[in-house]
Amino acid sequence: MQVIETLAEGLKREIKVVIPAKDMEDKMNERLADVKDKVRINGFRPGKVPAAHLKKVYGKSIMADLVNEIVREQPAAILSSRGEKSATQPEIAMTEDKDEADKILTAQQDFEFTLSYEVLPPIELKSVKGIKVTREVIDISDDEVNEQVLKVAESARSYESKTGKAANGDRITMDYVGKVDGEAFEGGTDQGAELVIGSGRFIPGFEDQLVGVKAGEEKTITVTFPADYPAKNLAGKEATFDITVKDVAAPGAVEINDELASKLGIESADRLKEIVRGQIESQYGSLTRQKLKRQILDQLDEMYKFETPASLVDAEYNGIWSQVNNDLAQSGKTFEDEDTTEEKAREEYKTLAERRVRLGLVLSEIGEKAGVEVTEDEMQRAIYDQLRQYPGQEKQILEFFRSQPGAAASIRAPIFEEKVIDHLLTEIDVTDKKVTKEELLAEEEGEAKAETKKAAPKKKAAAKAEAADAGEGDEAAPKKKAAPKKKAADESAE
C-alpha cells in the first residue's frame, strides 16, 4: 500500500492511498480459500468447487467487502502512523466511474482513494501559574432566607371558595376562549385554568378586568398583546377572551410552621429553611462559578493564539448562527432592530466560534495531560438529568443516545470541561472577595450589557452561545399554552 501526501497547506492535508491490484487479488483469493469448504453451489460437492468458478460467483462481493473494510479501517491507521489527529472525520473520495469501479472489483486496476482532512494543531502547554482570578462570595442573610421561605409559603397557601366578588389576591378558576378578529387562535383556549388576581402572570389588562366577577358569571374582556409577545401572530394585536368563572376563592393565611413544611413533604420548618438556604447558595455559587470560569477562559484566550481547524469553526459558527436566526424569527425582529447589520453580526459570531474552538482545544489538551477523565457514573447522572427534563419521552431519548455516537460526546464534553476547570482552580492563584448580593448581580448585569454591545442580537439564544464559554446552561424550556400569559419566561417560573 502506497501512502502519498498530496497536500500540506496550513492544517489541511490530503493523502492519496494506492493499493496494487495484485495485493487486492491476493486478499480476495485468501477469502475465497476460507469459504470454499463452506459454500454450497448446485452441481458441486462441498469443497470441490473450482477456484475459477468460485471467483466468478463470489469474487466481486468479496472485493466489495474488502474495499469497505479498507475505507473503514485504514484512515485511522494512516493518521496514527503519521502521528496526526484529524479535527473531524476525514473525507474519503474514490472513483465514481462504473467501468473503473468494475475493474477494481475484478482486480484489473489498482484501488485508489484520497483522504482529505484538517489536523488538530500542536499545542504547547504554557504554565498557568500566572493566571490570577477573583472568586466573589457572599454571605446569605437570614432575612433573604426568610423572604424566600415566605414566597414558598405563599405558593403553597390554601384557598377557600367564597360567594362574593373577586378581589385582588383571590384565585379565579375559569374556562376561557381567546379570539383575534372573531376567530379563536391556537393556544388561546383553556379549561379549569387557575389565576391569582394580581400575580402578573397574564398579559397586562387581563387580570384587572377580573376584579369583581363572581362564580358562575360569564364575561368577555378585551386586551392587547404586547408588541414583543413571543408569538408573532399575536404580538401587538387586540384580542377578546370569553370567560366563564367556575370558582372564586379567597386566600388563607400564610404561616411558616411545621404544618407548612409537612405539606411540602419536609419534616420541619427548620429543615425547610435549610433547604431554601442551600438553594440560594447554589444559585449564587453558580453565578460565582460562571464569572470565575470566564476570567480563566479570558486569560487562556490571551495566552494561546494559533490557527484553528476551519471545519470545527464552521460547525460551531453554523450552530450559533442558526440559534441567532431562530431567535430573530421568533421575536419578529431584524438585525437593524438590534442596532447592527447582518454582516457585522456574522463577523462577531465568527470570532466567537473561533474563540470557543481554540479554548476547547486548549482545555482538551490540559485535561489530557492532567489525566482528567469522565467516569461512567458521571455520564449516567448526566443522561438521567436529561431524561428528567422530558418526562414521558425517556425511551426515545435513551434510544437517541444509543444510536447516535455524537450524542454521548455532547454529554461528555461539558462534564470534561468543568473537571478541567476544577483542575485549573487547584493550579492558579484564586483570591476570594466578599461582595454583597447587589454587587454580584450588578456586576453581572454590566457584563451582560457589554456583551450585548459586542454583537447585538445576543439578547436570547446567541447570548447563551457566548455565555456557554462561562458554563451557563441553556434554560430554554417547553412552553405551555400560549394564550394570555405574558411570556414563556413567566411560565417557567410558575
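Just so you know, these numbers come straight off a predicted model, no measurement behind them. The analysis underlying the following values was restricted to heavy atoms, covering all of them including side chains, and did not include hydrogens, waters or symmetry mates.
With rounding to the nearest 0.5 Å, the separation of CG in L398 from CD in Q386 is 11.0 Å. Interatomic distance, I138 CD1 to T436 OG1, rounded to the nearest 0.5 Å: 8.0 Å. Rounded to the nearest 0.5 Å, atoms CD1 (I397) and OH (Y384) are 12.5 Å apart. To the nearest 0.5 Å, atoms CZ (R381) and CG (D377) are separated by 6.0 Å. The distance from the OG1 atom of T308 to the CZ atom of R355 is 13.5 Å, given to the nearest 0.5 Å. Atoms CG and CZ, from N233 and F185 in turn, are 8.5 Å apart once rounded to the nearest 0.5 Å.
Here R412 does not pair with E378 in a salt bridge; the nearest charged N to carboxylate O distance is not below 4.0 Å. The residues E354 and R358 are annotated as not salt-bridged, no charged nitrogen and carboxylate oxygen being separated by less than 4.0 angstrom. A salt bridge links E274 to R271: at least one charged side-chain nitrogen sits closer than 4.0 Å to a carboxylate oxygen. Ion pairing of R289 with D422 is present here, as a side-chain N (NZ or NE/NH1/NH2) and a carboxylate O approach within less than 4.0 Å. Salt bridge present: D142 and R277 bring a charged side-chain N and a carboxylate O closer than 4.0 Å. Between K273 and D270, none of the side-chain N atoms (NZ, or NE/NH1/NH2) sits under 4.0 Å from a carboxylate O, so this pair counts as no salt bridge. With salt bridges taken as basic N to acidic carboxylate O contacts below 4.0 Å, none links K293 and D298. Here R13 pairs with E84 in a salt bridge; the nearest charged N to carboxylate O distance falls below 4.0 Å. Ionic pairing of K162 and D170 is present here: one or more N-O contacts between side-chain nitrogen and carboxylate oxygen are shorter than 4.0 angstrom.
No side-chain donor-acceptor contact under 3.5 Å links E144 and Q148. Using a 3.5 Å distance cut-off with no hydrogens or angles, the side chains of E238 and T224 do not pair a donor with an acceptor.
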Going through the distances and angles, do E218 and D242 end up as a side-chain contact (heavy atoms from CB on, under 4.5 Å)?
CA-CA 7 Å; E218 295 182 357; D242 297 331; over 6 Å; no

Could you go through R346 and E342, starting from their C-alpha distance and side-chain angles, then the distance that decides it, and tell me whether this counts as salt bridge (charged side-chain N to carboxylate O under 4.0 Å, His left out)?
CA-CA 6 Å; R346 283 183 181 276; E342 181 174 339; 3.0 Å; yes

Go through it in stages, so that I can follow the logic: the residues are Q279 and Q283, the test is side-chain hydrogen bond (donor to acceptor under 3.5 Å, both in side chains), and I'd like the CA-CA distance, side-chain angles, deciding distance and then a yes or no.
CA-CA 6 Å; Q279 290 174 338; Q283 290 167 359; 5.9 Å; no

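Smallest separation of non-hydrogen atoms from L359 and D301: CD2-N, 3.8 Å. In terms of heavy-atom proximity, A166 sits nearest to I197 at CB-CD1, 3.9 Å. The minimum heavy-atom distance between D247 and A215, with the atom names listed, is CA-CB, 4.1 Å. The shortest non-hydrogen separation linking G198 to N168 is CA-OD1, 3.4 Å. Taking all atoms of both residues into account, the shortest heavy-atom contact from S86 to L79 is CB-CD2, 3.3 Å. The two residues V357 and P309 have their closest heavy-atom pair at CG1-CD, 4.5 Å.
Using a 4.5 Å heavy-atom threshold, the side chains of S322 and N318 count as separate. K344 is listed as a side-chain neighbour of T341, based on a closest heavy-atom distance under 4.5 Å. No side-chain heavy atom of T334 sits under 4.5 Å from any side-chain heavy atom of L328. K132 has its side chain out of reach of I428: every pair of non-hydrogen atoms, C-beta onward, lies at least 4.5 Å apart. No side-chain heavy atom of T240 sits under 4.5 Å from any side-chain heavy atom of I221. Side chains of F241 and K179 form no contact here, defined as non-hydrogen atoms less than 4.5 Å apart.
Within the 3.5 Å criterion, the main-chain N or O of W321 finds a donor-acceptor partner in the side chain of N325. A distance-only check finds a donor-acceptor pair linking the side chain of D258 to the backbone of A269 [under 3.5 Å]. Between the side chain of D190 and the backbone N or O of A193 there is no donor-acceptor pair closer than 3.5 Å. E118 places a side-chain N or O within 3.5 Å of a backbone atom of S311 that can act as its donor or acceptor partner. Within the 3.5 Å criterion, the main-chain N or O of E259 finds a donor-acceptor partner in the side chain of N257. Proximity of a side-chain donor or acceptor of T288 to a complementary backbone N or O of E136 within less than 3.5 Å is detected. Panel note: side chain E217, backbone K214; a donor-acceptor pair is recorded below 3.5 Å. Checked by atom type and distance alone, the side chain of D175 pairs as donor or acceptor with a backbone atom of G192 at under 3.5 Å. Of the possible polar contacts, one joining the S403 side chain to the E399 backbone as a donor-acceptor pair under 3.5 Å is found. Of the possible polar contacts, one joining the E207 side chain to the G200 backbone as a donor-acceptor pair under 3.5 Å is found.
Heavy atoms of other residues, nucleotides or ligands lying less than 6.0 angstrom from NZ of K305 number more than 12. Heavy atoms from other residues, nucleotides or ligands lying under 6.0 Å from CD of Q396 number more than 12. Other residues, nucleotides and ligands contribute only 12 or fewer heavy atoms inside 6.0 Å of the CD atom of E343. The number of heavy atoms from other shown groups lying within 6.0 Å of CG (D181) does not exceed 12. Atom CD of E124 is surrounded by 12 or fewer heavy atoms from other residues, nucleotides or ligands within 6.0 Å. Within 6.0 Å of CD in Q393 there are more than 12 heavy atoms belonging to other residues, nucleotides or ligands. Heavy-atom neighbours of K246 NZ from other residues, nucleotides or ligands within 6.0 Å: at or below the threshold of 12. Residue-environment remark: CD (E91) stays at or below the threshold of 12 foreign heavy atoms within 6.0 Å.
Cation-pi check for K126 over Y304 is met; the charged atom lies under 6.0 angstrom from the ring centroid and within 45 degrees of its normal. Taking the centre and axis of the six-membered ring of Y317, the NZ or CZ atom of K350 falls inside the cone set by 45° and 6.0 Å.
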Return all side-chain donor-acceptor pairs below 3.5 angstrom for residues 362-372, not counting sequence neighbours, or 'none' if the list is empty.
{"unit_1": "E365", "atom_1": "OE2", "unit_2": "K369", "atom_2": "NZ", "d": "2.5"}

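Among V213, T244, V245, the single residue meeting the side chain to side chain contact (heavy atoms under 4.5 Å, CB included) criterion with K219 is V213.
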